[in-house]
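So the structure is just underneath, and the comments pick up after that.
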Amino acid sequence: MTTGDAMTTGDAMTTGTERLGCDARPPHPRQLPTLAADRVSRAIDGRLILDGVSLTPRPGSVTGLLGPNGSGKSTLLRLLSGVLAPVSGVVTLDGRPLPEWGRRAVARRVAVVEQHADTLVELTVLEVVRLGRIPYRRAWTPAAEADDRAVRTALEHTGLTDRADQPWHTLSGGERQRVQIARALAQEPRELLLDEPTNHLDIQHQLDLLNLVTELPVTSIIALHDLNLAAMHCDQVVVLRKGRVVTAGTPAATLTESLIADVYGVRATVTRPGPDDRPHIRFLGTVAGARP
Amino acid sequence: MTTALRSPGARWLRAASGALREVAGLGVGLAVLAASVAVAITIGPADIGVGDVWSVVASHLGWGTTELTPIRDGIVWNLRLPRTLLAAVCGAGLAVCGAVMQSLLRNPLADPFVLGVSSGASTGAVVVVVLGAGGSVLSLSGGAFMGALVSFALVLLLSHILGGTTDRVVLAGVAAMQLFSALTSFVVMTAADAETTRGVLFWLLGSLSGAGWTDVWLCLAVLVLALVVCLGHARTLDAFAFGQDAAATLGVAVAGTRLVLLCVTALLTAALVSAAGAIGFVGLVLPHAARALVGPGHSRLLPVTAIAGAVFLVWADTLARTVLDPQEVPVGVVTSLVGVPAFVLILYRTRRMR
């Protein structure tokens, strides 16, 4: 089963809109994927980190990348953003390979939020968000009206308008991630890549952040550790292990007890209150130390 | 208020007034620099006023005649003016190199000498002076310049072999610095007599006493070139705030940009060091001071850093040549003695930001 087959089923979209109330998100039932990976591989010192992974997220949907540490989630995101080049396979944007677009053009379409952004430079919230306009700015020219508008909109969208002048170093972890999302939005992307954005955050900020992301009118691809967060917020999930796709599809169809035991080595019970509800996962222990 | 700001007229007015304020700020800075240069020239054993300085400069530019004697004219035109201008150029150049290095390498401790350029220059100079090839100023500068480039090439090669990341550049620079310092000491210890050692040491600590017009023009040309390149990359330097991966996702060609900026700053540092020796602390402290003044955005930070560095070194050199008159203190000693307390003060004032 390829990831593409799994993601074009209508089930994911229905579940997504009902649960998250994202009525604003336009449905694209048959539209071609905008950012796609086709059998990409990446190796470090001859060892394959990613081995022929394909990914075709539906436009406007939220895709979760799952898998244990070292499964290749971050590397896949870096290939998708064009920061790394695949040793084989190709990443395409609107059907055109990323290298043909050029870095700046890609940065105007695809924005990235890392799991933990920090700086030694003393910046304010506004200055961080303005960094998102760099792909649009030319040397020797001041900011244009469009730059100011994009920054203002990004601040409004993330509820940070009142905190524009606050120094970055005084923000909490959750606030910093929110500012990074505002910076990403200032890039006016249509694709948003997030690498474990909820690490280091308390549970309220985790939910806040993912609610914010899932309601954005962009195609999002999120690497996540927390299976329940993925089940709650993703339209579809792709499960990786040792650089290969194990399975992909809706959270309900994918996150089964046997898959969790197989991929994570963990015993779990998966419950679903109703047929249209998201699955809920309860962990029982590792497989190795399993009791009958 | 928001509606008013959104109307095109008000927006244009706001942008224009912002630009005007920046230009005015820059103008004030340049005026302070010009005044500093003019006043600094008057300070010294020969009694010369600001008016005399102006008349000498005007007469040499063909705008009039001076009533000063040829000796006093020579003191202004051939000794103090080139020296003061070289101080301004060196101060501006070292400070800009420091600002670029600190942003590019994401290291607040980075300075122009972090790439081992100054220690390479020292070795080059010492080899020329001590091991023969004549002791004239020109060959010393030439040797220093060659040494600086060799050292920088070694740092680039080392950092490439070691993995090419930012921290590897810093580590390779530190390694080169140690290596060339050791080589310098070795050459001085084994081959130099007391008199040569004294001369070399004076130069190692930085001195503008040998400044001539050739040095001024050469360094000024390299400074202007470097300033243009760095200001052209101002936005790119901003993008490095959250690291090179973040810069890459903002559309910056990280490796290419880093190579261009490293080469330009190394070239500028090499030119300055071969003219005036390794004047320490300007490149480390002044960028921090400028950041405290105008914030971290490079399109404003770089010009302000340059002007602040120029003014600082003009006065530091004036102090260096007058405080123990008729003896001279190496200007590097003055920059450090004045710079360290200033540095601590800046860090103290910005401590809550962390």
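Naming: A, B, ... by sequence-line order, numbering from 1 per chain. The figures here come from the full heavy-atom set of this structure, side chains too, leaving out hydrogens, waters and symmetry mates.
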Worksheet item: Quick one: do D238(B) and R130(A) make a salt bridge, cutoff under 4.0 Å?
Response: no
Worksheet entry | Sidechain-backbone polar pair: S159(B) side chain, A172(B) backbone, donor-acceptor under 3.5 Å | no
Fill in: Under 4.5 Å from a heavy atom of chain B, the part of R108(A) involved
neither
Item to complete: Considering only heavy atoms and a distance below 4.5 Å, find which of V106(A), D118(A), V110(A) pairs most often with chain B.
Response: D118(A)
Worksheet, complete the sentence: Okay, R133(A) and chain B: the region with an atom under 4.5 Å from a heavy atom over there is neither
Worksheet item: If only atom types and distance count, is the side chain of E127(A) paired as donor or acceptor with the main-chain N or O of T124(A) below 3.5 Å?
Response: yes
Discussion item. Looking only at the side chains, is there a donor atom on one of R176(A) and Q180(A) sitting less than 3.5 Å from an acceptor on the other?
Written reply: no
Worksheet item: Which one, A253(B), S299(B), A248(B), leads in non-hydrogen pairs under 4.5 Å with chain A?
Response: A253(B)
Worksheet, complete the sentence: Turns out that what part of A234(B) lies under 4.5 Å from chain A's heavy atoms comes down to neither
Response to the item:
Answer key: most heavy-atom pairs under 4.5 Å with chain B among A107(A), A105(A), A111(A), A184(A) is A107(A)
Item to complete: Report, as yes or no, whether the 6.0 Å neighbourhood of atom CZ on R96(A) holds more than 12 heavy atoms from other residues, nucleotides or ligands.
Response: yes
Worksheet item: Is chain A contacted by the side chain of T249(B), its backbone, both, or neither, given a heavy-atom distance below 4.5 Å?
Response: both
Worksheet item: Among side-chain atoms of H205(A) and D202(A), is any donor-acceptor pair under 3.5 angstrom?
Response: yes
